[in-house]
Amino acid sequence: MGIVSWIILGLLAGAIAKVLLPGRDPGGLIGTTIIGVAGAFTGGWLSAKFLDRPIQNEFFDLATWGSAIAGSLVLLIGYRILFGNSRD
């Protein structure tokens, strides 16, 4: 997959992570989108590095989507811990 595919995957993974972890984030929509893209890259890299799962060239690979969503969730949780959670 190219860099544009990873960005699109990150945007979608960030949206899915936001649905799985609802609430208002300190960064709003733009912050959540950036976290989604960073989470896709981070999840893909960690999956390839530590789980010995090479990154597939297919956009619709379930493991790639799972790692991107997991990476987005981890970064979103970390972001809320570091910068506050305005769920009030």
Side-chain angles (χ1 to χ4, degrees):
M1 285 194 324
I3 189 79
V4 174
S5 298
W6 275 104
I7 291 172
I8 293 170
L9 176 67
L11 293 172
L12 295 172
I16 292 170
K18 182 68 176 166
V19 168
L20 294 175
L21 196 64
R24 293 179 10 154
D25 294 313
L29 180 63
I30 294 173
T32 303
T33 303
I34 292 170
I35 288 173
V37 173
F41 282 107
T42 305
W45 178 77
L46 289 173
S47 175
K49 184 77 173 172
F50 295 110
L51 299 178
D52 198 28
R53 171 88 174 132
I55 298 171
Q56 299 295 319
N57 289 330
E58 302 169 6
F59 185 74
F60 294 105
D61 181 43
L62 188 60
T64 302
W65 277 87
S67 64
I69 293 169
S72 297
L73 281 171
V74 168
L75 289 183
L76 186 60
I77 291 169
Y79 183 69
R80 286 183 178 180
I81 288 172
L82 289 175
F83 296 105
N85 184 4
S86 59
R87 294 184 106 170
D88 302 344

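How far CG of Leu9 is from OG of Ser72: 8.0 Å, rounded to the nearest 0.5 Å. Here Ile35 contributes atom CD1 and Ile77 contributes atom CD1; the two are 11.0 Å apart, rounded to the nearest 0.5 Å. Atoms CG and CG, on Leu73 and Leu20 in that order, are 5.5 Å from each other to the nearest 0.5 Å. Distance CD1/Ile34 to CG/Leu11: 10.0 Å, rounded to 0.5 Å.
Scanning all heavy atoms of the two residues, the minimum distance from Leu21 to Arg80 falls at O-NH2, 2.9 Å.
When the side chains of ILVMFWY residues are joined at heavy-atom separations under 4.5 Å, either directly or via intervening members, Trp45 and Val74 end up in two distinct hydrophobic clusters. Residues Val19 and Ile69 are members of separate hydrophobic clusters, defined by side-chain heavy-atom contacts under 4.5 angstrom among Ile, Leu, Val, Met, Phe, Trp and Tyr.
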